[in-house]
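Here is the structure we will look at.
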Amino acid sequence: MNVYDIIFYLFAAITLASGFLVVTVKNIVHSAFYLLFTLFGIAGIYVLLGADFIAIVQLLVYVGGILILLLFGVMLTNKITDVDIKTGTLHIVPAVIGVGIFWGAITSILTSTHWKSLPAENIEPTTAQIGTLLITDYVLVFELLGILLLIALIGAATIARRDKE
Amino acid sequence: MFDALSELFGSPIIAAFVSAIVPLVFIVPFVIIAVYMERKVAGHMQDRLGPMRVGYHGILQTVADFFKLLQKEDITASSIDKRFFNVAPFLVFAGSYAVYAALPFTSSMLGSKIDIGLFFIVAASGLVVAGILMAGWSSNNKYSLYGALRSAAQIVSYEIPTIIVILSVVMFTRTLSLAEMSEMQTAYFWNWNIFGGAEWNLTKLLITPFMMIAFLIFYISSLAEVNRTPFDMPEAESELVAGYHTEYSGIKFSMFFLAEYANMFAVSAIAVAIFLGGYQSPFGYVGNLIGAEWLVQVEQLFWFISKGMFFVFVQMWLRWTLPRVRVDQLMTICWKYLIPYSFVNLIIIGIITLI
């Protein structure tokens, strides 16, 4: 086991443990904070996979954007911390069937997929390649996403605008 | 630096740990000097003398303060959220320390030569926001929570003009790596990005004024990102006691303090590396003149730190000159002025770069 394995297991442990806590803790602000560590752990795993750009986008978008938005929403909502989140067991039979099917599907994918494993030497920076792909092969999707974001922005501005008397 | 260290220690793991500690060796003395400097600057701006008692002209004042902070009782109020209360200061410091991984102190002394250094720096500030929110919420104190929310709102909104300005410079230099960017702005100050880069042509002449605007926008929004006056709403002592670190004391408070000063230098250093040539000397190197390779490195370190320190000084200067803005003014400055200006600037720089 070399040092990268140890780092991988460290990040994986962080991700799994905090992910478990996200769904089990009773306090909604606590689970939002635990989500921070989950997302951070995933970013670490991306770095180990050599996907530098995606790792940083993960940090920027999820930790810097979505998580902060989530925390803002939770904190600005009145008395949200007093709400008891129920973490009990309901409908055991359908749940077991659903989880069983999901588990079966995942294990079958895991065993049947032919995993490509490349040696982790010489990790190349990926930013330039991603940029080139985005404006050549995926230019339509890219532009459409841009328009979608623009629509969202205009919509947000319209909602937030003060009504004219 | 990493390669040299791994040769020295014979193991990349030890080298990685050592190169991770190097910025800390810089930050701690820097904070001690900067706190002293802040108090002296404040004093002289207000026609006072500042600290005078401990050592010559009070030069050991912050060292004494540091030991005082270490000895202080670690007070934790009874109704706080213990777990997150204890984690938050370290998270904030981790976020601001992460930035130092991509700062090129000299051409060989930098934590990591990652290709997307600038992008990484922008992303790392997300951790700071999360840490501040955590601190404010877990303190279970109205003032702390308000301070944290203000701080987070401010950092998130001012990130937009910062990113757009960075984007316009990146379009011009065609690299996201701070090390490469500094390398391109080779010696002599007219080659710096703020004066249109190292190539002599029409572009340089056209782009210079817009680069200056970009620099100004970047500097203003970086002030807001590190919560410095005139944007220190999160810590506005006249309304919020001390903002998000009201409930902290002793060593945990000093972590916030350390993070704040580390951030001050970090943003100044980023501004220097993007616009003002990074570690490059403005007048050429003595080391090259007399043929001493090692001297060049020392000079680069000197220039990087002194340029950074100059902008830290400007931050202090502004702090004692300008009054604090109101929250609504803060948001107006960002959304109605800085963001449109930076967008227009982005388009103009893009067009000039194309022709």
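Computed from a predicted model, the values in this text were never measured in an experiment.
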What pairs of donor and acceptor atoms, side-chain ones from residues 35-42 of chain A against any protein atom, are under 3.5 angstrom apart with sequence neighbours left out?
| unit_1 | atom_1 | unit_2 | atom_2 | d |
| --- | --- | --- | --- | --- |
| A:T38 | OG1 | A:S18 | OG | 3.0 |
| A:T38 | OG1 | A:G19 | N | 3.4 |
| A:T38 | OG1 | A:Y34 | O | 3.2 |

Contacts of A:F33 that satisfy ring pair (Phe, Tyr, Trp, His ring centres under 6.0 Å) - sequence neighbours left out: B:F84
query: Which members of residues 85-96 of chain B, sorted by number, sit under 4.5 angstrom from chain A on a heavy-atom basis?
result: B:V87, B:L91
- request: Could you point out which residue of A:V57, A:D52, A:L59 forms a side-chain contact (heavy atoms from CB on, under 4.5 Å) with B:F119?
  value: A:V57
task: State, to 0.1 Å, how close B:A123 and A:L60 come at their nearest heavy-atom pair, and which atoms those are.
output: CA-CD1, 3.7 Å
task: Scan residues 41-50 of chain A for pairs that pass side-chain hydrogen bond (donor to acceptor under 3.5 Å, both in side chains), counting only residues two or more places apart or in two chains.
output: none
message: Taking side chain as everything from C-beta outward and backbone as N, CA, C, O, which of these in B:V129 sits under 4.5 Å from a heavy atom of chain A? Side chain, backbone, both or neither.
response: both
- request: Give me the one residue out of B:I132, B:L133, B:I155 that meets side-chain contact (heavy atoms from CB on, under 4.5 Å) with A:I68.
  value: B:L133
message: For A:F53, which atoms come within 4.5 Å of any heavy atom of chain B: side chain, backbone, both, or neither?
response: both
message: Can you confirm whether more than 12 heavy atoms, excluding those of A:I92, are under 6.0 Å from its CD1 atom?
response: no
- prompt: If you round to the nearest 0.5 Å, how far is CG of A:L71 from CH2 of B:W137?
  reply: 10.0 Å
